[in-house]
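Note: hydrogens, waters and symmetry copies are ignored here, and every other heavy atom, side chains too, is used. Worth saying up front: this structure is predicted, and the values here are computed from it rather than measured. For the single chain, residues carry numbers from 1 onward in sequence order.
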Amino acid sequence: MRKRKGSADHDSSFTGTLLEGSSDLKQCPKKTDAASDPGGSGTAMGRRYRRGGLMWRLRKILIWVLGIYITIPVIIKVCPSIQAKLVFLNFVRVPYFIDLKRPQDQGLNHTRNFYLQPEEGINIGVW
């Protein structure tokens with residue numbers, strides 16, 4: 001339970017003697033002006049600070065989005081291997097653990113597996 005400042009129970013004698021006995025300890029005055037309250041407890045300066053912070057964050061987010069929006073197409077244009085992987089998605093294997101060398105296992109009866117070699121080092125599988 002709180003004690004009132006003017007009550008007789010208020011025990012400031014201990015802190016008072018500490019402050020009087022030691023010259024190193026000093027009390028700091030409380031700041032109550034609007035400039036010292038950057039969090040904005042309803043003062044005009046606090047509101048202005050918060051709006052500036054919100055606008056700064058929105059501007060920063062917009063810069064990031066535009067940066068990503070510009071850099072991804074540039075990277076894809078500069079690296080054609082990335083472009084080919086994104087178009088064909090040949091590194092994605094869905095459904096997993098299917099052996100495409102055996103079409104009979106997938107219910108494709110009367111199919112045969114052929115491999116064409118248009119150039120050296122390139123094999124194309126055909127059913």
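- Annotation: side chain of Trp127 is in contact with side chain of Leu108 (closest heavy-atom distance under 4.5 Å).
- As a member of the Ile/Leu/Val/Met/Phe/Trp/Tyr network built from side-chain separations under 4.5 Å, Ile61 groups with Val65.
- The number of heavy atoms from other shown groups lying within 6.0 Å of CZ (Phe88) does not exceed 12.
- Under a 3.5 Å cut-off, the side chain of Asn123 and the backbone N or O of Tyr115 do not form any donor-acceptor pair.
- In the hydrophobic clustering, where aliphatic and aromatic side chains (Ile, Leu, Val, Met, Phe, Trp, Tyr) are joined below 4.5 Å either directly or transitively, Ile75 groups with Ile68, Ile72, Ile76, Ile82, Leu86.
- Annotation for Leu66: hydrophobic cluster partners, listed by chain and number, are Leu62 (ILVMFWY side-chain heavy atoms under 4.5 Å, direct or chained).
- Pairs of residues two or more places apart, or lying in two chains, that qualify as salt bridge (Lys or Arg N to Asp or Glu O under 4.0 Å) and include a residue from residues 102-120 are Arg102-Asp105.
- For Tyr69, there are no side-chain contact (heavy atoms from CB on, under 4.5 Å) partners two or more places apart in sequence or in a different chain.
- The line from CD of Gln104 to CG of Asn109 is 7.5 Å long, rounded to the nearest 0.5 Å.
- Residue pairs meeting the salt bridge (Lys or Arg N to Asp or Glu O under 4.0 Å) criterion with at least one member in residues 53-75: none, sequence neighbours excluded.
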